[in-house]
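Inspection log for the structure reproduced underneath, given as structure tokens.
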Amino acid sequence: MKSISASLMGVVVTAGLVTGCGTSTSKQEASPAVSSAKPAETASAKELTGELEIQYFVGGYGDAWWKQSIDEFQKLNPKLKITQTAGPTINEQMKPRWIQGNPPDLMFINGAGSNARQMFLDNQLMDLTDWLKDAKNVDGEKITDILFSKPEEYQPGKAYTLPLVFGSYGTFYDKAELRKNGWNEPKDWASFIDTMQKIKDSGKMSPYIHTGVYPQYIIGGLLNSAIVAANGSDPSIINKINSLEAGVFKSQPVMKALDKLVELNSKGFIEGSSAALNHTDSQMQFLQHKAAFIPNGLWLENEMKKDIPAGFEFGFIPSVVQDIGGKAIIIPSTATMGIAKKAKNPDAAKAYLQYVFTKKQAVAWAELTGSVLNVKADLSKSDKVSSLVKQASTYFSSSDVVIAPVPVLAEELFKIEKDATLALVTGKITKDEWATRLEDGAAKQREKSK
């Protein structure tokens with residue numbers, strides 16, 4: 001399941017991204033390279049030797065791309081011994097090693113049990129700022145020039161992670177089902193509410209379902225974009241949230257955004273059992289047409305590929321909260337790469353990053369994961385890339401969208417936000433109580449940071 005350690009976007013908006021469940025195992029070593037392999041064309045002429053351990057979470061993105069890219073990198077570096085430490089519960093399994101100061105060299109910071117900002121606060125990540133200023137990929141392109149999303153700054157002007165995935169939270173639906181019933185695809189909040197009212201009146205299915213056990217999906221898929229929209233489509237409010245500016249959670253844009261969650265509940269649009277459902281259960285009900293719309297992330301299609309019924313045609317819109325004629329708001333759902341501060345082979349870790357942050361790997365990622373790598377690349381020519389991913393990539397490249405920063409909250413405050421949001425959409429608390437919980441939690445976080 002994809003972790004969103006921020007409150008979002010869904011971009012992570014106050015992001016955190018949980019990704020889908022995986023089925024991989026935990027430690028695997030790459031196959032020995034053939035003797036004819038050539039060294040990787042990295043920015044450094046130094047031959048890579050020693051050991052390189054890569055930790056990655058196996059969830060909605062699967063492990064096929066990881067195995068393929070690491071195998072390729074291994075063959076190009078025959079004197080380097082690469083160990084893959086991976087699986088659906090790998091973050092929890094590896095926590096003792098991180099705490100004990102014996103971490104892997106490189107980590108894909110994604111999935112349940114991971115939080116990039118918390119790792120920074122715990123002094124576990126290497127400062128990549130100076131390296132990234134001039135780092136080029138193996139094709140000679142400056143890495144920071146080809147990214148959709150720049151590294152999140154946990155400190156002004158400092159980079160400790162490098163976003164690998166440029167996903168997006170948003171609202172998903174079946175285009176074919178909407179066409180069959182004469183229901184319009186949503187373009188804004190007015191059309192979204194109108195279509196959901198028609199669906200409710202038909203009695204054929206619930207208008208809306210969400211992953212109640214994991215409220216980060218509705219935070220990223222609806223609330224965070226609603227906050228930006230209510231701020232005049234100015235995404236700078238996400239920076240205020242990230243920096244825990246006093247009063248931001250009681251500000252007018254946030255309160256107006258909360259009204260939209262209250263409206264969904266008061267009009268009876270939300271599937272009654274949503275609050276008790278996890279991601280796979282709610283996604284399955286969505287695929288079975290028990291609900292028309294679901295807030296989720298772009299990993300959805302790949303995660304549920306074995307259960308997608310024939311004729312299902314994924315529709316996706318980054319946000320439904322904008323006014324008529326307003327721009328769509330993208331809340332990035334990113335997952336990052338970080339090099340351990342106590343990495344034993346940082347040169348090899350950096351070389352692997354230079355190998356994978358390329359247009360070639362962007363296409364391979366899209367083909368194998370059903371999502372978008374954080375590299376600007378033309379995906380239209382590949383017949384192995386799904387129509388959903390191509391649709392999303394078109395949004396990302398459009399000038400007619402607003403791309404918000406990735407919201408990143410520390411674990412403790414993000415949990416407060418998730419719990420409060422679930423309580424709000426089930427009518428157990430008011431929006432004022434939601435805001436008070438968040439303001440109190442932010443005040444405690446600011447105090448801890450002193």
Side-chain angles (χ1 to χ4, degrees), residues 1-6 8-13 15-22 54-66 68-70 86 88 90-91 106-112 114-117 119 137 143-144 146-152 159-170 216-217 220-221 279 296-303 316 318 330-338 352-353 355-377 379 385-386 388-390 392-393 395-397 403-408:
M1 191 168 80
K2 185 174 191 288
S3 172
I4 242 187
S5 61
L8 263 253
M9 131 191 285
V11 206
V12 329
V13 228
L17 302 141
V18 187
T19 9
C21 297
I54 302 175
Q55 174 184 335
Y56 60 87
F57 169 76
V58 181
Y61 302 125
D63 61 3
W65 177 85
W66 289 101
Q68 177 174 293
S69 67
I70 291 173
I90 198 61
N91 295 328
L106 185 65
M107 179 181 175
F108 179 45
I109 308 173
N110 176 242
S114 70
N115 185 300
R117 174 168 287 243
M119 293 180 74
N137 64 19
I143 292 176
T144 54
I146 60 173
L147 303 179
F148 282 116
S149 181
K150 304 302 181 185
E152 179 70 19
Y160 290 83
T161 59
L162 186 58
L164 179 71
V165 184
F166 188 80
S168 171
Y169 278 96
Q216 55 264 48
Y217 285 83
H279 60 299
N296 217 286
L298 278 177
W299 58 86
L300 172 62
E301 181 182 33
N302 189 61
E303 182 175 25
F316 164 77
I330 292 175
I331 300 299
S333 157
T334 62
T336 64
M337 298 293 292
Y352 177 73
L353 293 179
Y355 181 73
V356 298
F357 276 86
T358 63
K359 290 169 183 166
K360 174 186 174 183
Q361 290 299 330
V363 174
W365 175 272
E367 292 176 344
L368 295 171
T369 72
S371 60
V372 179
L373 197 76
N374 187 33
V375 169
K376 298 171 184 176
L379 305 180
V385 176
S386 76
L388 173 60
V389 172
K390 290 178 180 178
S393 183
Y395 269 118
F396 299 160
S397 301
I403 299 181
V406 176
V408 185

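These numbers come from the heavy atoms of this one structure, side chains and all, not from hydrogens, waters or symmetry mates.
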*asked:* Could you check whether E367 and W65, counting side-chain N and O atoms only, form a donor-acceptor pair closer than 3.5 Å?
replied: no
_Show, in sequence, the C-alpha distance, side-chain angles and deciding distance for L164 and T336, and conclude whether the side-chain contact (heavy atoms from CB on, under 4.5 Å) test is met._
CA-CA 5 Å; L164 179 71; T336 64; over 6 Å; no
*Looking at residues at least two apart in the chain, or sitting in another chain, which of them share a ring-ring contact (aromatic ring centres under 6.0 Å, His included) with F357?*
none
_Residues that L388 engages under side-chain contact (heavy atoms from CB on, under 4.5 Å), provided they are two or more places apart_ = F172, L298, E301, F314, F316, S386, Q391
*Are side-chain heavy atoms of V372 and F148 found at a separation under 4.5 Å?*
yes
*Atom CZ in F108, atom OH in Y61: separation rounded to 0.5 Å?*
6.0 Å
*Under a 4.5 Å cut-off applied to non-hydrogen side-chain atoms, are Q361 and V375 in contact?*
no
*How many angstroms lie between CD1 in I146 and OG1 in T358, if you round to the nearest 0.5 Å?*
7.0 Å
*What distance separates S371 OG from W299 CH2, expressed to the nearest 0.5 Å?*
9.5 Å
*Between the side chain of N91 and the main-chain N/O of A112, is any donor-acceptor distance below 3.5 Å?*
yes
*asked:* I need the E152 CD to T334 OG1 distance, nearest 0.5 Å.
replied: 7.5 Å
*Determine the minimum heavy-atom distance between I109 and T161, stating which atoms define it.*
CD1-CG2, 4.0 Å
*For I330 and P318, work out which heavy atoms get closest and say how close.*
CG1-CB, 3.8 Å
*How far does CH2 of W66 sit from CG of L368, to the nearest 0.5 angstrom?*
12.5 Å
*Measure from the side-chain N and O atoms of N110 to the backbone N and O of A335, and report whether any donor-acceptor pair falls under 3.5 Å.*
no
*Does some side-chain heavy atom of L353 sit less than 4.5 Å from a side-chain heavy atom of L106?*
yes
*Would you say the side chain of K376 lies within less than 4.5 Å of the side chain of F396, judging by non-hydrogen atoms?*
no
*Using modelled atom types only, decide if a donor and an acceptor are shared between the side chain of N374 and the backbone of S149 within a distance under 3.5 Å.*
yes
*Do you know which two heavy atoms are closest between Y355 and S69, and how far apart they sit?*
CE2-O, 3.8 Å
*Check whether any side-chain heavy atom of W365 lies under 4.5 Å from a side-chain heavy atom of V165, and answer yes or no.*
yes
*Can you measure from CZ (R117) to OH (Y160) and round to the nearest 0.5 angstrom?*
12.0 Å
